[in-house]
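First the structure, in the form of structure tokens, and then the observations on it.
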Amino acid sequence: STEEIETRQERWLKEDKKSDTEYLEDYILENFNSIGRNEQCPCDSGKKFKKCHLHWAEEKLRELKEEEARLEPMEMTRYAITMERQSESAIRRFLTSKDMTLLFQQLKEKVLESIKAPDKEFKSKGFMSYFEPIFSQITFESKEELEDFTKLFMDYYNALAHQYLHHPRDEKLIH
């Protein structure tokens, strides 16, 4: 659209207005590992890198890494929510094709029950004990259909499980 084109052109103008210092800093950060400590600093100050921009670059990279680590859990949660929605929709479509739409609510309840179960209870009962009563009601036409459903279910289970802090158990998703 015209608005998108104008927005993009404004962004390009801002990017073009980067100062030489900003370009230099970007260059140093992007090439940090290939610049030797005793090489001349890329800023043309005449000093060795270790006496000029090395400490700044180390600090800046540390800050960027901390920021990335801080944002990663939020991105993982967004991804889990997206996966939950996609797999839930696919499971609902599958159950609808089998004329078993009401089964989804039971399935979701069992997923949440198993996720919230204390580790000891979960391990003693076993994963499938939560879902066997529901799965036994579904007639699968082929091995491929069963495999497809199982993959959808596991994606759904893992997406929901990721949204609980105490889960996944032992830092592993159940696959």
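These values consider heavy atoms only, across backbone and side chains, with no hydrogens, waters or symmetry-generated copies. The structure presented is a predicted model; accordingly, all values stated were derived computationally and were not measured.
- Atom CD of Glu147 is separated from atom OG1 of Thr150 by 7.5 Å, given to the nearest 0.5 angstrom.
- In Lys125, the NZ atom is crowded: over 12 heavy atoms of neighbouring residues, nucleotides or ligands sit closer than 6.0 Å.
- Ion pairing of Arg70 with Glu67 is present here, as a side-chain N (NZ or NE/NH1/NH2) and a carboxylate O approach within less than 4.0 Å.
- Heavy atoms of other residues, nucleotides or ligands lying less than 6.0 angstrom from CG of Asn38 number more than 12.
- With hydrophobic clusters built from ILVMFWY side chains whose heavy atoms lie under 4.5 angstrom apart, Leu112 does not share a cluster with Ile81.
- Looking at Lys98, its side chain does come within 3.5 Å of a backbone N or O of Thr139 through a donor-acceptor pair.
- Heavy-atom minimum distance, Gln40 versus Gly46: NE2-CA, 3.3 Å.
- Taken from CG in Leu29 to CG in Leu61, the straight-line distance is 5.0 Å, to the nearest 0.5 Å.
- Contact check on Lys116 versus Glu121 returns no salt bridge, with no Lys/Arg side-chain nitrogen under 4.0 Å from an Asp/Glu carboxylate oxygen.
- Ring pair Tyr157/Phe153 is tilted by interplanar angle, where 30° to 60° counts as tilted.
- For the pair Phe32/Phe49, a side-chain contact is recorded, criterion being any heavy-atom separation below 4.5 Å from C-beta on.
- Taken together through direct or relayed side-chain contacts under 4.5 Å among Ile, Leu, Val, Met, Phe, Trp and Tyr, Phe149 and Met128 form part of one hydrophobic cluster.
- The two residues Leu54 and Arg37 have their closest heavy-atom pair at CD2-NH1, 3.0 Å.
- Between Glu59 and Arg62, at least one side-chain nitrogen of the basic residue sits less than 4.0 Å from a carboxylate oxygen of the acidic one, meeting the salt-bridge criterion.
- Heavy-atom minimum distance, Ala159 versus Glu84: CB-N, 3.4 Å.
- Considering only heavy atoms from C-beta on, Phe104 comes within 4.5 Å of Glu88 through its side chain.
- The shortest side-chain heavy-atom distance between Met100 and Ile138 falls under the 4.5 Å cut-off.
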*Evaluation steps, side-chain contact (heavy atoms from CB on, under 4.5 Å), between Arg93 and Ser97*: CA-CA 6 Å; Arg93 283 192 303 273; Ser97 74; over 6 Å; no
_Working note: Glu68 + Leu64, criterion side-chain contact (heavy atoms from CB on, under 4.5 Å); need CA distance, chi angles, decisive distance, verdict._
CA-CA 6 Å; Glu68 186 177 299; Leu64 291 171; over 6 Å; no
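- You'll find the side chain of Thr101 stays beyond 4.5 Å of the side chain of Arg92, heavy atoms only.
- A 4.5 Å side-chain heavy-atom check between Val111 and Tyr130 finds every atom pair outside the cut-off.
- Within 6.0 Å of CD on Glu3 lie no more than 12 heavy atoms contributed by other residues, nucleotides or ligands.
- Inter-residue side-chain proximity for Glu75 and Tyr79 is flagged as unmet; no heavy-atom pair is nearer than 4.5 Å.
- Note on Met83 and Met154: separate hydrophobic clusters, where clusters join Ile, Leu, Val, Met, Phe, Trp and Tyr whose side-chain heavy atoms are under 4.5 Å apart, directly or indirectly.
- Note: Phe127 and Phe122 have perpendicular aromatic rings, judged against thresholds of 30 and 60 degrees for the angle between ring planes.
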*Evaluate the criterion side-chain contact (heavy atoms from CB on, under 4.5 Å) for residue pair Trp56 and Ile28; output intermediate values, then yes/no.*
CA-CA 10 Å; Trp56 168 85; Ile28 291 172; 4.1 Å; yes
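- Considering only heavy atoms from C-beta on, Lys110 stays 4.5 Å or farther from Glu132 through its side chain.
- Atom CD of Glu25 sits about 7.0 Å away from atom NZ of Lys60, to the nearest 0.5 Å.
- To the nearest 0.5 Å, atom NE2 of residue His53 and atom NZ of residue Lys47 are 9.5 Å apart.
- A distance of 9.5 Å separates OG1 of Thr96 from CG of Leu102, quoted to the nearest 0.5 Å.
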*Step-by-step salt bridge (charged side-chain N to carboxylate O under 4.0 Å, His left out) determination, Glu58 to Lys50*: CA-CA 10 Å; Glu58 289 174 334; Lys50 67 182 177 184; over 6 Å; no
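- Minimum interatomic distance between Ser34 and Glu39 (heavy atoms only, all atoms of both residues): O-OE2, 4.1 Å.
- Looking at heavy atoms from C-beta onward, Gln106 lies in side-chain contact with Gln137 at the 4.5 angstrom threshold.
- Closest heavy-atom contact between Leu24 and Cys43: CD2-CB, 3.3 Å.
- Taking both residues in full, the closest heavy atoms of Ala90 and Leu152 are given as CB-CD2, 3.5 Å, listed atom of the first, atom of the second, then distance.
- Atom CG of Leu160 sits about 7.5 Å away from atom OG of Ser87, to the nearest 0.5 Å.
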